[in-house]
2 protein chains.
Amino acid sequence: MSKVKGNCLVAQSGGPTAVINASACGVIQQALKSDLIERVCGAYNGILGVLREELFDIGAEEAETIEMLKTTPSSALGSCRHKLKKLEDNRADYERVLEVFKAHNIRYFFYAGGNDSMDTASKIKDLSAQLGYEMIVMGVPKTVDNDLAFTDHCPGYGSVAKFIATSVMEAGRDTESLYTFDTCAVLETMGRNAGWIAAAAALARRYEEDSPHLVYVPEVSFSKEKFVEDVKRVHADYGRCFIAASEGMRWDDGSYVAHDTSVLAKDSFGHTQLGGVAQVLKKIIEDELGLKTRWMMQGLTQRNSMHFASRTDRDEAWLCGAEAVRQAVSGTSGYMVSLERVSNSPYQVQTGLAKLEDVANGEKKLPRAWMNEEGNFPTAEFLDYARPLIEGEVEVPIAGGLPLFMRFKKSWLPKKCKEYQVG
Amino acid sequence: MSKVKGNCLVAQSGGPTAVINASACGVIQQALKSDLIERVCGAYNGILGVLREELFDIGAEEAETIEMLKTTPSSALGSCRHKLKKLEDNRADYERVLEVFKAHNIRYFFYAGGNDSMDTASKIKDLSAQLGYEMIVMGVPKTVDNDLAFTDHCPGYGSVAKFIATSVMEAGRDTESLYTFDTCAVLETMGRNAGWIAAAAALARRYEEDSPHLVYVPEVSFSKEKFVEDVKRVHADYGRCFIAASEGMRWDDGSYVAHDTSVLAKDSFGHTQLGGVAQVLKKIIEDELGLKTRWMMQGLTQRNSMHFASRTDRDEAWLCGAEAVRQAVSGTSGYMVSLERVSNSPYQVQTGLAKLEDVANGEKKLPRAWMNEEGNFPTAEFLDYARPLIEGEVEVPIAGGLPLFMRFKKSWLPKKCKEYQVG
């Protein structure tokens with residue numbers, strides 16, 4: 001492919017992470033250095049910002065603001081959960097995207113997100129080719145869930161893993177203080193379909209008596225009887241029981257253990273928003289074993305925990321962004337940058353490339369073999385995989401005892417297209 | 001009072017904090033330096049460890065282990081919620097305590113805890129005087145709730161305040177990423193009777209658009225209608241609404257907003273264990289305004305958040321412990337060490353003394369005047385009070401990306417008394 005010259009657009013999509021801004025930073029800092037890229041633009045709220053033509057000039061931001069993306073959690077560009085329908089069902093939206101791209105001479109599109117976002121990016125690339133609009137589309141991996149296929153792991157995961165493991169260590173010490181009867185605790189983690197986050201809790205257990213004692217993931221169907229047995233045994237052995245449980249845990253029949261199934265608890269993709277697993281487990285323990293149980297549901301804090309993010313994760317997030325630009329300006333298009341583990345000890349990774357449509361259609365669950373036979377704790381193999389990902393700390397600027405985060409001032413680009421009604 | 005020579009006992013009580021071990025460290029390191037104190041002992045699980053004669057020799061621990069108390073959360077000595085009944089109703093327990101003290105020549109007793117613990121300490125002092133057993137009893141303040149009377153603030157509070165404010169900053173950025181409709185969030189904090197912890201969330205709000213936008217505390221009775229109005233207005237102004245709410249919030253009639261009132265949800269003092277306020281508020285927002293709402297309940301993690309503890313809090317916790325010993329060896333008895341604010345800018349504190357029985361019977365709520373007239377956000381006066389308490393960070397030893405905490409090896413002292421059945 002011949003080299004393309006023009007403007008670039010960076011956008012973020014899906015649930016935020018502690019380090020998705022570090023990826024944006026990698027894209028932006030690398031793009032600002034490229035001779036082929038003239039203006040670096042941001043789309044406000046992902047693909048929605050493109051459809052609405054809400055674009056701003058990132059080159060107009062201070063270099064320091066851009067640098068602080070490395071230590072600011074969540075989506076500084078704004079995110080969305082807007083998934084474009086199939087090209088044949090919704091050609092208008094894709095044509096609108098191309099209309100906006102043409103109007104602003106966007107020749108490079110960098111989309112950071114999960115598999116839904118890679119799907120969107122892939123389709124934009126297809127239509128641009130169909131319409132003969134020369135442009136480069138690159139994906140940047142992002143998800144706390146670590147469920148993206150075709151990459152060893154995903155930026156965002158290392159930081160949530162580190163935070164969850166630290167939380168378990170700290171809350172675990174609380175159950176260890178041995179109240180009269182305050183000895184069980186359940187910490188609920190994110191992870192709708194994949195148990196990667198809950199499994200990371202196991203990193204907290206350096207010694208046998210350490211928390212967590214039990215870990216439950218969606219990949220192993222949940223049995224109440226087995227669970228009661230597990231807790232009873234652990235409590236007999238250690239005088240307490242600390243449990244990490246994924247929000248996505250399911251009963252034998254495939255239904256979610258979480259009981260929150262109200263209508264508003266569905267997101268715009270129709271995914272059920274979960275929550276409540278911890279309370280279900282608490283009730284089982286109290287009803288069946290009479291052991292008082294505490295529970296925790298850290299919600300949005302876990303995926304934005306920049307104050308104790310993984311340095312490895314943060315640096316890899318930046319690298320994926322920068323590499324997407326390096327690949328793009330050398331003519332690569334239609335790929336997501338992936339991470340390939342070269343060796344585990346010492347830990348070494350290199351970037352690779354995965355086809356957008358492959359990533360879009362893939363999903364990587366926690367391998368069943370990485371949970372023990374009983375299905376209640378991750379294996380040593382999982383721990384070896386996860387340990388390097390939480391290494392290192394990020395120095396976050398602090399003022400008055402609290403982190404300092406950036407916001408873009410957002411110099412909006414003048415609109416050049418007609419209004420468009422987003423469906 | 002003449003100077004007493006003998007052994008000392010340190011014990012911890014009540015809910016753990018990130019820095020109660022720093023207080024124990026202050027007691028231990030100061031006691032080890034004193035000529036009047038021969039052996040430094042620890043009671044396992046507070047006053048329960050005394051009743052059961054489960055005592056260990058802290059002098060036999062490595063100096064490094066003792067030093068690491070400064071960076072280990074929760075109660076390393078073990079804690080309890082065992083409150084001794086009135087002296088006239090339960091003389092046997094108090095006599096048992098004195099029996100154990102005499103058997104081990106305990107002449108100095110340092111009890112770290114809240115007002116229930118100060119009550120226990122006060123009664124032990126009274127009985128020792130009655131029985132003519134010469135000993136010194138000193139209290140060391142501890143509570144995340146910050147509700148102890150006769151002290152400007154309480155070790156433990158600064159660290160939970162810092163963690164809650166940081167969590168609100170981070171999760172707040174998530175709601176800011178402007179999903180299609182994922183724009184409200186409720187973070188539930190601890191605080192059964194006092195709103196200090198929830199109020200600390202307000203520290204996160206550096207700019208008007210920052211989270212949290214609304215803060216609810218037990219000191220202001222909760223009105224559903226007013227709440228719906230508040231959220232509606234905030235959502236209209238900012239396109240999102242982030243709420244911090246105390247678990248102890250009450251309706252007009254004094255009943256708790258939290259709906260978890262099952263029998264097992266009471267602790268051994270008969271206090272109701274709360275939790276569920278966030279879900280109640282979520283339901284109100286979704287039912288009345290149709291705005292999708294996320295919620296978080298950080299439970300035990302908030303009071304053990306050593307990984308981002310306040311340096312000020314940690315250092316003051318150590319100071320209170322050390323000062324208790326300095327006072328004790330100079331003959332002071334029957335007091336809790338308090339913190340007195342000398343000036344706010346620059347922030348300066350000095351230690352003071354508060355009578356154990358005064359602290360035992362006191363409770364310090366958030367002043368109503370420190371919430372705005374509407375009762376939905378703390379005032380500047382509260383913020384000025386709280387800001388210095390979260391200043392500074394603690395350098396926690398880290399290995400493999402996770403904190404390293406200590407455990408005592410516990411060299412048990414041989415039992416010298418008969419078995420005793422704890423009631």
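When reading the values below, keep in mind they use all heavy atoms of this one structure, side chains included, and skip hydrogens, waters and symmetry mates.
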Minimal non-hydrogen separation, Ile390(B) against Gly400(A), with atom names: CD1-O, 3.5 Å

Heavy-atom pair count under 4.5 Å with chain B, highest-scoring of Met169(A), Met296(A), Gln302(A): Met296(A)

Engaged part of Phe405(B) at the chain A interface, taking heavy atoms whose separation is under 4.5 Å: both

Proximal component of Leu187(B), with respect to chain A [non-hydrogen, under 4.5 Å]: side chain

Toward chain B, the part of Gln12(A) with a non-hydrogen atom under 4.5 Å: neither

Chain A contact via Glu393(B) - which portion, at a heavy-atom distance below 4.5 Å: side chain

Under 4.5 Å from any heavy atom of chain A - which part of Ile20(B): neither

Check against side-chain contact (heavy atoms from CB on, under 4.5 Å), Arg407(B) and Glu209(A): CA-CA 11 Å; Arg407(B) 277 194 183 97; Glu209(A) 69 260 45; 3.5 Å; yes

Winner by heavy-atom pair count (cut-off under 4.5 Å) against chain A, out of Gly299(B), Ser74(B), Ser13(B): Ser74(B)

Interface moiety of Ile398(B) toward chain A, non-hydrogen atoms closer than 4.5 Å: side chain

Nearest heavy atoms of Met297(A) and Trp295(B), plus distance in Å: CE-O, 3.0 Å

Structural part of Tyr347(B) lying under 4.5 Å from a heavy atom of chain A: neither

Region of Ala185(B) that comes under 4.5 Å of a non-hydrogen atom in chain A: side chain

OG on Ser177(B) to CG on Asn304(A), rounded to 0.5 Å: 8.0 Å

Nearest non-hydrogen partners of Leu402(B) and Leu203(A), listed with the distance: CD1-O, 3.4 Å

Contact residues of residues 307-314 of chain B (partner chain A; heavy-atom separation under 4.5 angstrom): His307(B), Phe308(B)

Neighbour count >12 (heavy atoms, 6.0 Å) for atom NZ, Lys410(A): yes

Beyond-backbone contact of Arg173(B) with Met306(A), side-chain heavy atoms, under 4.5 angstrom: no

Region of Asp210(B) that comes under 4.5 Å of a non-hydrogen atom in chain A: both

